[in-house]
Enquirer: 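One structure is given below, represented as structure tokens, and several questions about it will come after.
Just so it is clear: chains get the letters A, B, ... in the order the sequence lines come, proteins before strands, and each one is counted from 1.
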Number of protein chains: 2
Amino acid sequence: MDEAAPQKGTVTQRAIEEIKAMIAEGRLEPGQRLPTERDLAARLGISRSSMREAIRALTVLGVLEARHGSGIYVTALEAGDLLETFGVVADLSRGPRLVELLEVRRILESTATALAAARISDSRLAAVEKHLTAMNATDDPEEILAHDLAFHREIAAAAGNETMAAILEGLSSRTFRARVWRGYQEEGAFARTRREHAAIHRALVARDPEAARAAAASHVGEVEEWLRGQLGP
Amino acid sequence: MDEAAPQKGTVTQRAIEEIKAMIAEGRLEPGQRLPTERDLAARLGISRSSMREAIRALTVLGVLEARHGSGIYVTALEAGDLLETFGVVADLSRGPRLVELLEVRRILESTATALAAARISDSRLAAVEKHLTAMNATDDPEEILAHDLAFHREIAAAAGNETMAAILEGLSSRTFRARVWRGYQEEGAFARTRREHAAIHRALVARDPEAARAAAASHVGEVEEWLRGQLGP
DNA sequence: ACCAGCGGAGTGGTCCGACCACTACGGCGC
DNA sequence: GCGCCGTAGTGGTCGGACCACTCCGCTGGT
């Protein structure tokens, strides 16, 4: 009955909510240092072990950062910090869920590319071009993949929405791309990939959002369709 | 037994990666039960405390589920399980990042609504209608919000992409909506919201994807613009 | 006066052992 | 055969000890 100060679930869970609330309410600013583990534990009346579990959980979520010997700090709370865990989703997903993730990526990537076409700066466009040529100049799959990722990363950054860029980054996490990519490229899709990348680049140079959207959607859609085919039969 | 290998970072981090790898490689299936904390700790040659921190972290990420007195289990690894942490991002974001999140929502929600227009079943359409009328039949903001959330949730579910639905769910988490909603509706936006919801519903009934896309984009876009205005001047 | 080096205080990281709270299961009594 | 109950085993919590690292002020030399 006394809902005032009951123990909801585990004490660790309570500690997590407590710290989250402190940040949400502005009692803790990004970059600020927290009291020591021992202090925090004492304040909430729990053991240091339980408090450590709470801190560790928030560390993994990208909310806190523990510096050995120095203290615990709130991260900058940038999109990248918080959405890093998105990569875990991509890494652990399989089967139909992979297709769904690619569908989400197709939607976001096409929009991001369209925005980039309208906003991209000349210097950034040069960076995109650099990765495009580097990608076509080598046969090492590992290197190609790296430039492929950088190619799309530059475009996402040019769209001007850090949150979207962070999500796309997670959807292109190394292991995710590696798993899908390997099989896809084994079927001689290199040439097609090159054409698609070239098309995206042309649309960016032409500052043509709709062409960029179509090219990006088609690019991701090709992989999506291939993967869908892998699952069915 | 003794891994002469170098210890990358903390032992807890290593344990987290280890368990994640077990799942990614299929050594652990969804729903399967893990060895006991004491066992796992012994296998990796670390203390139970450190192993507990690893398990807690993965629990918060929605990868594992600990049942007191029973054991530790891998979750179903459904989109909802893994993307629950997405709500944390929404809750801790502020200022410009809120606008970015709304922009992402606008993109996904408009596409989801378009897909729903083409695929929605009659029974689900009836559910959407139910929430629409219930939303218009009350003046309690709390109740309106609840039906508003359910309205969009039904539509997202009808789009047939669980991953997208889970992301949208996170972007509409209670505290997120509550924070933005409150200010927005204070300015007498109820009438406008009703019109927009009605427009979305009409497009669904007409099975018109493009109309649905436009209506949804406009709906979210209105809030987005309002919020953008709140920040600037 | 200045600066390099050292050392100690304080922090997070790890480990241990004990106990509590809860669940599951099998045996006991009816 | 059924249901109750005890017990073994599990995760949850606690307190303390020690280690590894960082930071900063002090010391000693120049």
Enquirer: Could you tell me whether the side chain of Ser70(B) has a donor or acceptor atom within less than 3.5 Å of a complementary atom in the base of dC22(C)?
Expert: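 Not at all, since no donor on one side and acceptor on the other fall under 3.5 Å apart.
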Enquirer: Using OP1 and OP2 only, check whether a side-chain N or O of Thr36(B) sits under 4.0 Å from dG9(D).
Expert: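 No, no such contact exists.
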Enquirer: Which of these nucleotides, dT14(C), dT13(D), dG12(C), is closest to any side-chain atom of Ser47(B)?
Expert: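 Closest of the options to the side chain of Ser47(B): dT14(C).
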Enquirer: In this structure, how many angstroms lie between the C1' atom of dT14(C) and the CD1 atom of Ile55(A), rounded?
Expert: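 Interatomic distance, CD1 of Ile55(A) to C1' of dT14(C): 15 Å.
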Enquirer: May I ask you to test the Met22(B)-Lys20(B) pair for a side-chain heavy-atom distance under 4.5 Å?
Expert: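 The answer is no; the side chains never approach within 4.5 Å.
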Enquirer: Quick one: which of dG11(D), dA20(D), dT14(C) gets closest to the side chain of His68(A)?
Expert: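 Nucleotide nearest to His68(A)'s side chain: dA20(D).
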Enquirer: Mind calculating the distance between CE (Met51(B)) and C1' (dT14(C)) to the nearest angstrom?
Expert: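 So the two atoms are 13 Å apart, to the nearest Å.
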Enquirer: Do Ile55(A) and Glu37(A) have side chains that get closer than 4.5 Å, going by heavy atoms?
Expert: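 When only atoms from C-beta onward are counted, Glu37(A) and Ile55(A) do touch, with a gap below 4.5 Å.
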Enquirer: So Ile72(A), base contact, sugar-phosphate only, or nothing? Heavy-atom distance under 4.0 Å.
Expert: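 Since only primed, P, OP1 and OP2 atoms lie under 4.0 Å of Ile72(A), the category is sugar-phosphate.
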Enquirer: Closest heavy-atom contact between Trp226(B) and Val180(B)?
Expert: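 Residues Trp226(B) and Val180(B), closest heavy atoms: CZ3-O, 3.7 Å.
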Enquirer: Want to settle it: does Arg33(B) or Ser50(A) sit nearer the 5' end of DNA chain D, counting the closest nucleotide to each?
Expert: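 By nearest-heavy-atom nucleotide position, the 5'-most residue is Arg33(B).
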Enquirer: In whole Å, I'd like the distance from the CD1 atom of Ile16(B) to the P atom of dT14(C).
Expert: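 Going from CD1 in Ile16(B) over to P in dT14(C) covers 10 Å.
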Enquirer: Quick check: do Leu168(A) and His152(A) have side-chain heavy atoms less than 4.5 Å from each other?
Expert: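 No. Closest side-chain heavy atoms not under 4.5 Å.
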Enquirer: Any N or O donor-acceptor pair linking the side chain of Arg48(A) to the base of dG13(C) at under 3.5 Å?
Expert: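 Counting by modelled atom types and ignoring angles, a donor-acceptor contact under 3.5 Å is found here.
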Enquirer: With DNA chain D as reference, determine whether Ser49(A) or Tyr73(A) sits nearer its 5' end, using the nearest nucleotide of each.
Expert: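 Between the two, 5'-proximity favours Ser49(A).
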Enquirer: Using the closest heavy atom to pick a nucleotide of DNA chain C for each, name whichever of Arg52(A) or Arg38(B) lands nearer the 5' end.
Expert: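 In this pair, the answer is Arg52(A).
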Enquirer: Calculate the interatomic distance between Gln13(B) atom CD and dA20(D) atom P; express it in whole Å.
Expert: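 Taking atom P of dA20(D) as the reference, CD of Gln13(B) is at 20 Å.
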Enquirer: Roughly, in whole Å, what's the span from CG in Leu40(B) to P in dT10(D)?
Expert: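 That distance rounds to 11 Å.
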Enquirer: Between atom CZ in Arg56(B) and atom P in dC14(D), what is the gap in whole Å?
Expert: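 Rounded to the whole Å, the gap is 11 Å.
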Enquirer: Rounded off to whole Å, could you give me the CZ-to-C1' distance for the Arg67(A) and dG10(C) pair?
Expert: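 It is 16 Å, rounded to the nearest whole Å.
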Enquirer: Name the nucleic acid region contacted by Ile46(B), choosing base, sugar-phosphate or nothing; use a 4.0 angstrom heavy-atom cut-off, strictly under.
Expert: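 If one applies the 4.0 Å heavy-atom cut-off, Ile46(B) turns out to touch the sugar-phosphate alone, with no base involved.
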Enquirer: Heavy atoms, side chains only, cut-off 4.5 Å: are Ile23(B) and Leu77(B) in contact?
Expert: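 A side-chain contact exists here, since the closest heavy-atom pair is under 4.5 Å.
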Enquirer: Within this structure, what is the CD-to-P distance between Glu53(A) and dG11(D), rounded to whole angstrom?
Expert: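 Rounded to whole Å, this separation is 12 Å.
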